[in-house]
Amino acid sequence: MGFTKDYWEENYADLEEMDGIVNAHIHAQYVKSFFSLEYIEINSVIDLGFGLGHLFKEIVKTFEPSKVCGIEPSSHGMEEFKKRERALISDFKIKLYEEDLFTWSGLDRKSKSRFDLGICTSVLQYVKDEDLKKIIPVLASRIKYLYLSVPTDKELKRQVSELGFHDKYALRRSRKFYYDLLSKDFAFIGSRLLESKHYFSEETTEHTDLLFRF
């Protein structure tokens with residue numbers, strides 16, 4: 001299940017240059033500042049494919065949530081995180097599951113499956129179209145706010161031309177594809193930040209001025 005060690009060695013050879021790793025603390029501070037400004041409390045967090053766990057760690061340290069969960073289908077990623085972050089896992093009683101996003105969306109852990117904030121960075125480009133259509137509505141039903149990033153076809157092409165980096169595992173999709181897919185269940189309320197339409201509507205959200213900005 002998940003990528004083998006070869007994937008991590010190919011795609012994560014230069015960690016000091018990778019967005020979400022070298023600047024993970026900045027991402028965490030941005031998300032924290034957004035919710036602080038809006039007086040929104042975040043008490044539960046889930047990372048939906050935490051990889052090596054750098055951003056996951058910073059989000060947990062920044063928010064100090066009472067409930068924390070992480071899923072990661074790669075045995076290598078899971079073991080590296082467990083080995084490196086023993087103290088963090090223990091201090092926050094983090095629940096970890098070695099499973100992919102499709103598996104997670106098909107399971108019902110009842111109240112434990114609902115979270116204030118979900119983190120999903122550089123994951124969706126590895127999920128098949130038919131699986132995404134099933135996953136996204138489940139995400140919106142279990143997660144109030146989602147911090148999401150996914151490279152589009154243009155961004156993946158630019159990685160090749162400008163950085164000499166080719167992710168052979170990633171699926172090439174347009175920005176419109178992801179917008180059309182996500183906007184059925186989520187409203188875009190900020191840079192990389194989405195709000196579930198299952199919990200909020202145009203009448204109940206405090207971010208109506210942002211609903212149609214993207």
Taking a hydrophobic cluster as the set of Ile, Leu, Val, Met, Phe, Trp and Tyr residues connected by side-chain heavy atoms closer than 4.5 Å, whether directly or through intermediates, do I42 and Y30 fall within one such cluster? yes

Closest heavy-atom pair and its distance - P73, E98: O-CG, 4.0 Å

Centroid separation under 6.0 Å, is that true for the rings of F188 and Y179? yes

Carboxylate-amine/guanidinium contact D129 R173, below 4.0 Å: yes

Is the distance between the ring centroids of Y145 and F115 less than 6.0 Å? no

Would you find more than 12 non-hydrogen atoms of other residues, nucleotides or ligands less than 6.0 Å from E41 atom CD? no

Check: I94 and F56 side chains under 4.5 Å, non-hydrogen atoms: yes

Any side-chain heavy-atom pair of L148 and T121 under 4.5 Å: no

Please find the pair of heavy atoms, one from Q125 and one from Y178, that lie closest to each other, and give the distance. CA-OH, 3.6 Å

Thinking salt bridges, do E130 and K133 make one under a 4.0 Å N-O criterion? no

Any side-chain donor-acceptor pair under 3.5 Å between Y126 and D131? no

Taking the side chain as everything from C-beta on, heavy atoms only, tell me whether I143 gets closer than 4.5 Å to L117. no

For residues K83 and R86, report the shortest heavy-atom separation together with the two atoms involved. O-NH1, 3.4 Å

Within 45 degrees of the ring normal and closer than 6.0 Å to the centroid, is that where the cationic atom of K197 sits relative to F186? no

Minimal heavy-atom distance between T62 and A28, with the atoms involved, is OG1-CB, 3.5 Å

Is any side-chain heavy atom of F102 closer than 4.5 Å to a side-chain heavy atom of V127? no

I need the minimum non-hydrogen distance between A24 and H54, along with the two atoms involved. CB-O, 3.8 Å

Side chains of S105 and K134: does their closest heavy-atom pair fall under 4.5 Å? no

Side chain to side chain, R114 and Y199, heavy atoms closer than 4.5 Å: yes

When you measure from the side chain of S122 to the backbone N and O of V150, does any donor-acceptor pair fall under 3.5 Å? no

With a 4.5 Å limit on heavy-atom distance, are the side chains of D47 and I71 in contact? no

For L48 against C120, the heavy-atom pair lying closest together: O-SG, 4.1 Å

Are the side chains of K154 and Q159 in touch, meaning some heavy atoms are under 4.5 Å apart? no

